[in-house]
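First up is the structure itself, then whatever we jot down about it.
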Amino acid sequence: MSHFVLIDGNSVANRAFYALPLLSTSAGLHTNAVLGFTTMLLKVLEEMKPTHIMVAFDAGKVVFRHSEYAEYKGGRSKTPPELSEQFPLIRELLDAFSIKRFELEGYEADDIIGTLTKQADEQAWKTTVITGDKDMLQLVSEHVSVALTRKGVSEIELYTPQEIHEKYGLKPLQIIDLKGLMGDSSDNIPGVPGVGEKTALKLLHEYGSVEQVLENIDKVSGKKLQENLRENVDKANMSKALATILREAPVELDVQDTGFEGYDGVPVSEFFKKMEFKSLLSKIKVAQPADGSGQADAKPFSFEMISEENKVAYESKLTSPMALYIEMDGENYHHAPFLGIGLAAEDTVMFVPWDVAKEWKVLCEWLADPAKEKWVFDGKRDTVGIAWHDLAIKGISFDVYLASYLLNATESNPTLDSIAAQYAQTRVLSDEEVYGKGAKRLVPEMDVLSEHVAHKAAAIWQSVPVLREQLAENEMEKLLGELEAPLSMVLALMEKQGVKVNSERLVQMGEDLDKKLAGLTDQIYELAGGAFNINSPKQLGEILFDRLSLPVLKKTKTGPSTSADVLEKLAPYHPIIDAILTFRQLGKLRSTYIEGLTKEIHTKTSKVHTLYNQATTATGRLSSTDPNLQNIPIRMEEGRKIREAFIPSEDGWYMLAADYSQIELRILAHISQDENLIDAFQKGMDIHTRTAMDVFGVSEEEVTSLMRRQAKAVNFGIVYGISDYGLSQNLNITRKEAGDFIERYFDVFSGVKRWMDEIVQQAKADGYVTTLLNRRRYLPDIRSSNFNLRSFAERTAMNTPIQGTAADVIKLAMICMQEAIEEKGLASRMLLQVHDELVFEVPENELEVMRKLVPEVMESALSLNVPLKADVSDGRTWYDAK
DNA sequence: GTGATCACGCAC
DNA sequence: GGCGTACGTGATCACG
């Protein structure tokens with residue numbers, strides 16, 4: 001039987017481009033859209049076994065719809081050059097596969113496909129359209145299916161009339177009416193204001209078409225909705241016209257000419273070599289039979305449901321390695337109830353409900369056996385979660401969560417459904433699809449739940465080999481195996497251990513704050529001449545700028561700014577300002593740190609158990625949530641007092657804190673090789689004073705405190721990727737003055753300047769930058785023609801190697817530190833990491849050892865050409881460890 | 001009521 | 001038009 005496949009070339013290329021990191025060949029040729037397109041194509045050839053295939057592209061500038069609606073496509077940003085340059089490569093790809101491609105001056109790919117499917121339909125050909133554009137669903141008919149690419153391009157979702165009916169309750173042609181009512185911002189189709197998908201579907205279920213809806217406006221429920229429809233009759237009609245795909249384009253192509261009988265492996269592998277698609281090369285068969293005889297279709301998904309009764313029969317299936325996924329009800333694994341366990345290997349997929357799992361001795365022993373290799377998604381979550389059930393997991397040998405983060409750190413917090421879509425054949429539903437979200441979240445019935453979890457385990461199993469291959473290509477195996485993976489187990493211990501909080505102390509501080517805030521509130525109302533919500537920037541703005549007529553110094557999108565830096569400048573004008581600043585400061589302490597922290601104290605342990613996120617930041621730093629223990633106040637004394645509430649969990653113990661001194665500037669000295677900066681650190685000088693001496697050309701004694709403060713700001717700016725504007729804001733000086741400072745800095749530290757220029761050039765060539773340990777960050781905007789986007793990417797190119805390497809270093813130190821504690825049999829425990837600081841709780845008899853050991857380990861974590869320095873201190877509370 | 005977004009402020 | 005990386009809170013607004 002014949003099967004005609006039509007591919008919407010522009011749509012698929014676009015999807016691929018935005019879904020994949022901006023890969024490039026060693027020659028600097030961008031290839032991510034080509035790679036995505038190829039992956040999709042191979043999948044289609046294998047799964048659909050087309051006898052006829054064709055790819056349609058947009059052509060020419062004048063799209064016939066323009067004459068009807070001038071703004072059509074106005075909302076679309078111009079195709080980035082990084083993508084445009086890949087279209088010729090995609091054409092080359094299709095030629096290598098001997099696949100026909102087609103374009104028609106003045107017409108979009110949609111219209112060509114619309115016309116061809118009509119022809120195919122008339123001849124009753126089985127036809128499938130591949131696209132990322134939902135509009136195309138209108139082409140679906142008895143003979144024509146539409147396959148939509150999902151998140152990325154590796155997954156496709158097939159729509160027949162049945163599926164459209166199930167999903168929308170509509171006939172395929174009504175998709176046009178749907179768009180007519182709800183519009184489509186990506187195509188700049190306006191639709192009717194206030195009508196989204198929900199409303200549009202409701203109206204269509206009732207009336208059937210845009211025309212019918214408009215004829216029956218009076219019967220429509222909802223006053224506002226009626227009004228919107230009445231006022232936008234023209235818009236609705238025009239939107240419908242815009243969404244309608246032309247099916248009568250002057251296409252001169254005989255479907256019979258698109259015959260496909262498999263591809264020749266030789267030109268294809270030539271092309272792959274040119275593109276440096278190493279992992280795809282192995283998949284190419286030299287002769288590919290078109291009918292797919294002998295090659296069975298992918299097996300339908302199935303899994304075993306384990307119960308009390310049948311579990312014994314599956315004991316032998318607990319093999320090594322095996323994929324493991326623990327399903328929990330909720331994000332916070334310190335509290336989340338367990339629902340069940342999914343397990344998968346080559347020919348087994350199982351789901352074990354938690355009630356069964358926890359009583360299944362053989363499974364629990366398998367989990368705790370370090371010799372049984374487990375492949376997981378977020379092993380820290382599994383490890384900590386199961387520890388709360390007094391069980392253990394050992395032998396985690398691959399974590400797809402961490403691997404996926406390393407491959408693309410910009411897509412923060414990878415989810416298993418997106419990993420599966422990128423690296424596996426099994427489709428995994430997002431948790432939101434299964435559970436619903438927000439208030440409507442609900443644990444589904446067992447049949448839905450078990451299948452979902454089974455899919456997760458299967459997807460982990462399938463992803464591991466692909467991820468391993470890609471890590472190897474990027475030379476990141478060590479970064480994962482020797483840094484991130486071991487670190488995740490150290491973090492697991494720290495999170496489970498938790499930090500003891502003195503809640504009485506917090507309550508007492510809260511009461512003090514309440515009193516002070518009440519007094520300030522009265523004072524502010526008095527000065528303002530009436531009560532208002534001081535916490536509302538809007539209301540505050542009205543008081544300050546309308547009623548009190550203070551000058552507006554800065555504006556936000558929504559009105560005059562009331563931020564602290566503005567208020568400080570307004571302070572001389574009116575006594576209310578100081579009161580507001582104090583109110584803000586104390587209010588922040590009360591809401592975020594007293595109340596916020598108190599909410600997070602675990603009832604069983606009286607401790608806070610934070611969640612360290614190891615896959616969130618673009619630079620490689622950790623982040624901390626629930627509570628965030630990485631932004632506890634320290635700069636202002638009132639806030640710093642919060643730290644008094646963080647205490648050791650054992651009587652008589654101490655808190656010990658150690659922080660790296662100037663780690664980022666030391667790293668800059670190392671990677672830039674700037675002689676002056678290296679000299680400063682080797683002599684052990686105060687770096688800001690030294691900077692002031694060099695920039696202002698004075699001796700050490702002549703450096704005033706203002707000079708040092710300014711030099712310090714310049715150093716910060718250097719680390720963050722400097723701009724004259726940013727520095728001027730920070731120092732409250734003019735842009736010109738800031739520019740002069742920077743120029744003088746670069747005169748003295750010319751090695752830094754050289755490195756900054758080089759790293760930007762390198763980023764432009766590669767499309768990414770790396771840290772010392774080969775962590776990678778892609779910078780898709782580095783060659784953008786938009787000045788802002790490009791400047792931002794350039795600053796990022798300068799900042800990420802510095803900040804990211806600092807993150808690498810402290811992560812190494814943490815692993816070494818935990819090893820040292822275990823090796824020496826110390827009772828001390830690592831509790832917190834705050835980017836350049838580690839906090840421990842230490843029994844009195846280990847104080848001396850730890851005071852020496854911690855800085856030693858931190859300073860020797862990585863050897864640079866300047867020394868690393870760590871300062872240590874201790875006390876009864878975190879506050880006292882200063 | 002719920003959810004998303006904004007302004008603001010805290011840390012390194 | 002703008003210095004890097006995070007997260008949490010309260011206000012506000014759109015939505016149902």
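The chains referred to below are lettered A, B, ... by the order of the sequence lines, with proteins before strands, and numbering in each begins at 1. Source: prediction; values computed, not measured.
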- Message: Does the Lys NZ or Arg CZ of Arg441(A) fall within the cation-pi geometry relative to Tyr435(A) - under 6.0 Å from the ring centre and within 45° of the axis?
- Response: yes
- Query: Of all the nucleotides listed (dA7(B), dG2(C), dC8(B)), which has the minimum atom distance to the side chain of Thr558(A)?
  - Reply: dA7(B)
- Message: Using a 4.0 Å heavy-atom cut-off, does Phe787(A) contact any base of the nucleic acid, only the sugar-phosphate backbone, or nothing at all?
- Response: base
- Item | N-O pairing of Lys736(A) and Asp740(A) below 4.0 Å | yes
- Task: Determine: side-chain N/O of Lys588(A) to OP1/OP2 of dG10(C), distance under 4.0 Å, yes or no.
- Result: no
- Query: If you check every side-chain atom of Tyr720(A), which of dC3(C), dG2(C), dA11(C) has the closest atom?
  - Reply: dC3(C)
- Have a look at Asp626(A) and say if it touches a base, only the backbone sugar-phosphate, or nothing, with a 4.0 Å heavy-atom cut-off. sugar-phosphate
- Task: Specify whether His602(A) and His609(A) have parallel, tilted or perpendicular ring planes, treating 30° as the upper limit for parallel and 60° as the lower limit for perpendicular.
- Result: perpendicular
- For Ile634(A), answer base if it contacts any base atom (sugar-phosphate contacts may also be present), sugar-phosphate if it contacts only those atoms, and nothing otherwise; contact means non-hydrogen atoms under 4.0 Å. sugar-phosphate
- Message: Under 4.0 Å, counting only non-hydrogen atoms across every strand here, what does Ala564(A) touch: a base, just sugar-phosphate, or nothing?
- Response: sugar-phosphate
- Message: Using whole Å, what does the distance between atom P of nucleotide dG4(C) and atom CZ of Arg775(A) come to?
- Response: 20 Å
- Message: Categorize Asn788(A) for me: base, sugar-phosphate, or nothing, with a 4.0 angstrom heavy-atom threshold over every strand shown.
- Response: base
- Message: Say we look at dC6(B) and dG2(C): how far apart would their P atoms be, to the nearest angstrom?
- Response: 14 Å
- Secondary-structure string, 5' to 3', Watson-Crick or G-U under 3.5 Å, | for another-strand partners, for DNA chain C: ...||.|||||||||.
- Separation of Arg621(A) atom CZ from dA6(C) atom P, in whole Å? 9 Å
- Contacts of Ser791(A) and Thr800(A) projected onto DNA chain C by closest heavy atom; the upstream (5') one is Ser791(A)
- Query: Nearest to the side chain of Asn730(A), which nucleotide is it out of dC3(C), dA4(B), dA6(C)?
  - Reply: dC3(C)
- Query: In whole Å, what is the span from the CG atom of Asp724(A) to the P atom of dG1(C)?
  - Reply: 15 Å
- NA contact type, Arg777(A), heavy-atom cut-off 4.0 Å: base, sugar-phosphate, or nothing? sugar-phosphate
- Counting heavy atoms from C-beta on, name the nucleotide in dA7(B), dG2(C), dA11(C) closest to the side chain of Tyr725(A). dG2(C)
- Determine the contact category for Ala618(A): base if any of its heavy atoms lies under 4.0 Å from a base atom, sugar-phosphate if only primed atoms, P, OP1 or OP2 are that close, otherwise nothing. sugar-phosphate
- Task: Under 4.0 Å between any heavy atoms, over every strand shown, what does Gln539(A) touch: base, sugar-phosphate, or nothing? Just pick one.
- Result: sugar-phosphate
- Can you tell me, in whole Å, how much space there is between the P of dG9(B) and that of dG1(C)? 24 Å
- Proximity to the side chain of Asp836(A) - top-ranked nucleotide from dC12(B), dA11(C), dA7(B): dC12(B)
- Message: Looking at the base of dC10(B), is there any donor atom on it, or on the side chain of Asn631(A), that sits under 3.5 Å from an acceptor on the other one?
- Response: yes
- Message: Using a heavy-atom cut-off of 4.0 Å across all strands, would you classify Leu629(A) as base, sugar-phosphate, or nothing?
- Response: nothing
- Query: Would one find a side-chain N or O of Lys437(A) under 4.0 angstrom from OP1 or OP2 of dA4(B)?
  - Reply: yes
- Task: Give a yes/no answer on whether the side chain of Arg635(A) brings an N or O atom under 4.0 Å of OP1 or OP2 in dC10(B).
- Result: no
- Message: For Lys882(A), I'd like to know if atom NZ has over 12 heavy atoms of other residues, nucleotides or ligands within 6.0 Å.
- Response: yes
- Just how far is it from atom CZ of Arg795(A) to atom OH of Tyr720(A), taken to the nearest 0.5 Å? 13.5 Å
- Message: Over all strands shown, is Arg795(A) touching base, sugar-phosphate only, or nothing at heavy-atom distances under 4.0 angstrom?
- Response: sugar-phosphate
- Item | Geometric class of the Trp878(A)/Phe646(A) ring pair [parallel <30°, tilted 30-60°, perpendicular >60°] | perpendicular
